[in-house]
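Encoded as structure tokens, the structure appears first; notes follow it.
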Number of protein chains: 2
Amino acid sequence: MAVTMHDVAQRAGVSIKTVSNVVNGYPYIRDTTRTKVLSAIEDLGYQLNVTARNLRTGRTGIIGLALPELSLPYFAELADAVIVAAEAQGLTVLIEQTSSERSRELEVLSGARRHLTDGLIFSPLAIGAGDEDLLRVDFPMVLLGERIFHGPVDHVTMHNVEAARAATEYLIGLGRRRIAAIGVHTGEVVGSAGLRLQGHLQALERAGIPADPALFGEAGLWHRATGASAMAAVLDSGARPDAVFAFNDAMALGAMHELQVRGLRVPADVAVIGFDAIDDGIYSTPSLTTVDPGREQIARTAVALLVERIAGKETDHVPVQVYADYRILERGSTVPGAP
Amino acid sequence: MAVTMHDVAQRAGVSIKTVSNVVNGYPYIRDTTRTKVLSAIEDLGYQLNVTARNLRTGRTGIIGLALPELSLPYFAELADAVIVAAEAQGLTVLIEQTSSERSRELEVLSGARRHLTDGLIFSPLAIGAGDEDLLRVDFPMVLLGERIFHGPVDHVTMHNVEAARAATEYLIGLGRRRIAAIGVHTGEVVGSAGLRLQGHLQALERAGIPADPALFGEAGLWHRATGASAMAAVLDSGARPDAVFAFNDAMALGAMHELQVRGLRVPADVAVIGFDAIDDGIYSTPSLTTVDPGREQIARTAVALLVERIAGKETDHVPVQVYADYRILERGSTVPGAP
DNA sequence: ATTCCACCCTACATCGATGTAGAGACCCTG
DNA sequence: CAGGGTCTCTACATCGATGTAGGGTGGAAT
């Protein structure tokens, strides 16, 4: 039913392989032959069967992108950026949602989709320190995020500690002293939560401000709702922060909401800074000051590394760690009247 | 290098086809044989080559989802819902972003990915009335959204007119009379913009309120930014609305932002209702009253229809139109103190 | 004892493309 | 004019699975 190379070959009066050569841009073909083949393709409405090519070449032109949840704006925007970057390289992206479940993340690593994709960009949340061995997979992979350090694979990440330190230093620079940290995971050292808290504490220490545990807001998942309730918990404990550093924008927006519900003015009473630079922060009331962790750069770099990994031979590869550049976007939640 | 059925067959001492039969759950296999094969699979770490199966069967287990942009929360949440629904049916989803460009939408319809996917769920934005012919594709497809009416394919959509009418009637029920409409596309009749405006006008007419063009806020793309500037334009024109019906939540949030920037209180001075029920609306200040158009129902239905289309024989199929149920979620932007 | 059917398994062709090897034509060099 | 290189094209094997057709069993039915 469908038109195959065989049909095209017959109509053009050439061999199948010649059609294949034309389609693939093989140079040594007479112009007259090429024209014949192309018009036969046109006439028949031929379309290459990608599956057959995949079987023969072992390449699919698809890369997997495994992330926790698309409904979280940070990941939706990251997916967007990855898709755009992949497209520029002629690749298609297959998204897998792990729902932050360890079992789903292990499934992704087990390579169930391995024959369908040429490689994987993986942003893990549930697996972490101690799981380095799970990352020794036999297909090209690039990691995103903070969960694993010094693993055996390429890793694109951000300057979490430095960027977090910069955020808190920025608040201190505004004259704030009682700075709440929202999104703390007590006991965690390596993940985003651990690193950002570390940067936060460094900044406090350098400024000679003692850290006050009453200002730590615990939040497991980093949603708006958890940000709001972490903020509520801090306020209910009697602490009176004059600034908030939320470890991501979603929580920052939730926290800001909670502050305003309680009649506190942002930024007059409490300045708020987030982390991620999601689009939403531009349109909140007030707009949200945030740390831009270089999302597009991360996406571009991850795709580029993966392409390199796919093309390269397995041997002599030394895992690289790439850190994207960060900067602070100053907006209305810290400076009255800022854009 | 990779383990194939051949290797498994050899190790288990059976034929390749028997391995295939075991893998595919063919019933007539002796238990001892099945056990032998399964342990050979286990020993060798065999994984089915999906590509080869695809070539042979013509099915890939992948469905395409073409939508405008993942960075728009509505579509991100829709994608999430579709992925979940597809997973429940054992299908994987390949997302394509059209960036709302006509050329990209045509490309999607031309079936470039046809051999890679079993079918397509397509949410068009750029193509519309007059393009019905483009939809006569020779692969299974289900349409989402409002752009095309009475096309030749299955279509899952929402009660736009009725839901919009309900939104405006709700505002009227609160005693509001000067209701701005944000997201108007002048001249458009069939798309979401046209239908929602139509419902809005119906509600006004039934209440005997004359429509005032000064209260129409034009917005091409339905982002927060355009919502904010459409709101600004309405206010700058000197109109003094006491309520706003934004045709989606993103614009509603942008409009609400603009109102607050200008010192207007929501909902005291201006009540705001959106459309879409994206998660963001829960955490805005105040939280956003909105129309829930039944997104999950839409996703589930679309996947179910597509599966039916894929399984069914091409003939005797009559295109169906399915309308999801809507309801109003009342929150703080219309009722002070609401959740 | 023959027939039949349910059960269990195998051999071979096949899906639609690409890689390999090599054949034929042509031109250039020495 | 032999030898070599470049250009153009073809035949055939091959990727890894599944569909088809059919060959043996053994037990029940005739």
Side-chain angles (χ1 to χ4, degrees), chain A residues 1-38 40-41 44-62 90 111-118 138-139 311, chain B residues 1-38 40-41 44-62 111-118 138-139:
Chain A
M1 39 173 66
V3 183
T4 74
M5 275 197 178
H6 181 80
D7 305 323
V8 175
Q10 209 154 32
R11 178 168 186 119
V14 298
S15 78
I16 291 185
K17 181 69 215 214
T18 298
V19 178
S20 168
N21 285 339
V22 169
V23 169
N24 290 287
Y26 181 73
Y28 296 139
I29 296 176
R30 208 178 322 203
D31 269 351
T32 57
T33 311
R34 194 195 316 276
T35 311
K36 264 191 306 185
V37 171
L38 288 177
I41 287 177
L44 298 173
Y46 169 75
Q47 288 193 322
L48 182 88
N49 184 325
V50 192
T51 305
R53 172 189 277 176
N54 293 350
L55 175 59
R56 193 60 242 250
T57 63
R59 291 276 176 79
T60 65
I62 303 179
R113 297 258 185 279
R114 167 192 173 177
H115 288 293
L116 221 52
T117 53
D118 295 337
D138 57 352
F139 51 87
Chain B
M1 38 173 65
V3 184
T4 74
M5 275 196 178
H6 182 80
D7 304 324
V8 175
Q10 209 153 33
R11 178 166 186 122
V14 298
S15 78
I16 292 184
K17 182 68 216 219
T18 297
V19 178
S20 167
N21 285 338
V22 168
V23 169
N24 290 287
Y26 181 74
Y28 295 139
I29 298 177
R30 210 180 322 215
D31 270 352
T32 56
T33 311
R34 194 195 315 277
T35 311
K36 264 192 306 186
V37 171
L38 288 177
I41 288 177
L44 298 174
Y46 168 75
Q47 288 192 321
L48 182 88
N49 184 326
V50 191
T51 305
R53 171 189 277 178
N54 294 350
L55 176 58
R56 194 60 244 251
T57 62
R59 290 278 175 78
T60 64
I62 304 180
R113 297 257 185 277
R114 170 195 180 165
H115 288 294
L116 221 53
T117 53
D118 295 339
D138 58 352
F139 51 86

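Note that the coordinates shown come from a computational prediction; the quantities given were computed from them, not determined experimentally. Just so we're on the same page: letters track the sequence lines, and every chain starts at 1.
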Taking for each residue the nucleotide of DNA chain C with the nearest heavy atom, is it B/H115 or B/I16 whose nucleotide lies nearer the 5' end?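 Checking each residue's closest nucleotide, the 5'-ward one belongs to B/I16.
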Taking for each residue the nucleotide of DNA chain C with the nearest heavy atom, is it B/S15 or B/L55 whose nucleotide lies nearer the 5' end?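 That would be B/S15.
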Using whole Å, report how far [atom1] of [X] lies from [atom2] of [N].
| X | N | atom1 | atom2 | answer |
| --- | --- | --- | --- | --- |
| A/R59 | C/dT18 | CZ | P | 14 Å |
| B/Q47 | D/dA17 | CD | C1' | 15 Å |
| A/L116 | D/dA17 | CG | P | 14 Å |
| B/I29 | C/dA6 | CD1 | P | 18 Å |
| B/K36 | C/dC9 | NZ | P | 7 Å |
| A/R30 | D/dT6 | CZ | P | 18 Å |
| B/R34 | C/dC8 | CZ | P | 9 Å |
| A/N49 | D/dC15 | CG | C1' | 13 Å |

When you get a sec, tell me which of D/dA17, C/dC9, C/dA17 is the closest nucleotide to the side chain of B/T33?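 When the side chain of B/T33 is considered, C/dC9 is the closest of D/dA17, C/dC9, C/dA17.
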Given B/V19 and B/I16, is the side-chain contact (heavy atoms from CB on, under 4.5 Å) satisfied, shown in steps? CA-CA 5 Å; B/V19 178; B/I16 292 184; 5.5 Å; no
Shortest non-hydrogen contact between B/R34 and B/Y26, atoms and distance: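 Residues B/R34 and B/Y26, closest heavy atoms: NH1-O, 4.0 Å.
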Go through the structure and list residues passing side chain to side chain contact (heavy atoms under 4.5 Å, CB included) with B/Q10, not counting sequence neighbours.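 If we apply the side chain to side chain contact (heavy atoms under 4.5 Å, CB included) test to B/Q10, skipping adjacent residues, the hits are B/H6.
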May I ask you to evaluate whether [X] reaches the phosphate of [N], defined as a side-chain N or O under 4.0 Å from OP1 or OP2?
| X | N | result |
| --- | --- | --- |
| B/Y28 | C/dC7 | yes |
| B/N24 | D/dT18 | yes |
| B/T18 | C/dT10 | yes |

Enter the distance from [X]:[atom1] to [Y]:[atom2] here, rounded to the nearest 0.5 Å.
| X | Y | atom1 | atom2 | answer |
| --- | --- | --- | --- | --- |
| A/N49 | A/Q47 | CG | CD | 10.0 Å |
| A/N54 | B/T51 | CG | OG1 | 5.0 Å |
| A/R30 | A/T35 | CZ | OG1 | 11.5 Å |

Which pairs with one or both residues in residues 44-60 of chain A pass salt bridge (charged side-chain N to carboxylate O under 4.0 Å, His left out), sequence neighbours excluded?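 Qualifying pairs: none.
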In chain order, what residues pass the side chain to side chain donor-acceptor pair (under 3.5 Å) check against [X], with sequence neighbours excluded?
| X | answer |
| --- | --- |
| B/R11 | B/D43 |
| B/T60 | B/D118 |
| A/T117 | none |
| A/S20 | A/N24 |

Protein-nucleic acid N or O pairs under 3.5 Å, nucleotides 19-24 of chain D:
unit_1: D/dG19; atom_1: N7; unit_2: B/K17; atom_2: NZ; d: 2.7

Apply the test side-chain contact (heavy atoms from CB on, under 4.5 Å) to residues A/I62 and B/L116: give CA-CA distance (whole Å), side-chain angles for both, the deciding distance (0.1 Å), then the verdict. CA-CA 10 Å; A/I62 303 179; B/L116 221 53; 3.7 Å; yes
Please write out the pairs of protein N or O atoms and N or O atoms of nucleotides 25-27 of chain D separated by less than 3.5 Å, giving the distance to one decimal.
none

Across the strands shown, which category fits A/V23 at heavy-atom distances under 4.0 angstrom: base, sugar-phosphate, nothing?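 No contact at all - A/V23 keeps every heavy atom at 4.0 Å or more from the nucleic acid.
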So for the helix from C/dA1-D/dT30 to C/dG30-D/dC1, with five pairs setting each end axis, what is the inter-axis angle to 10°?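 Helix axis angle between the two ends: 50°.
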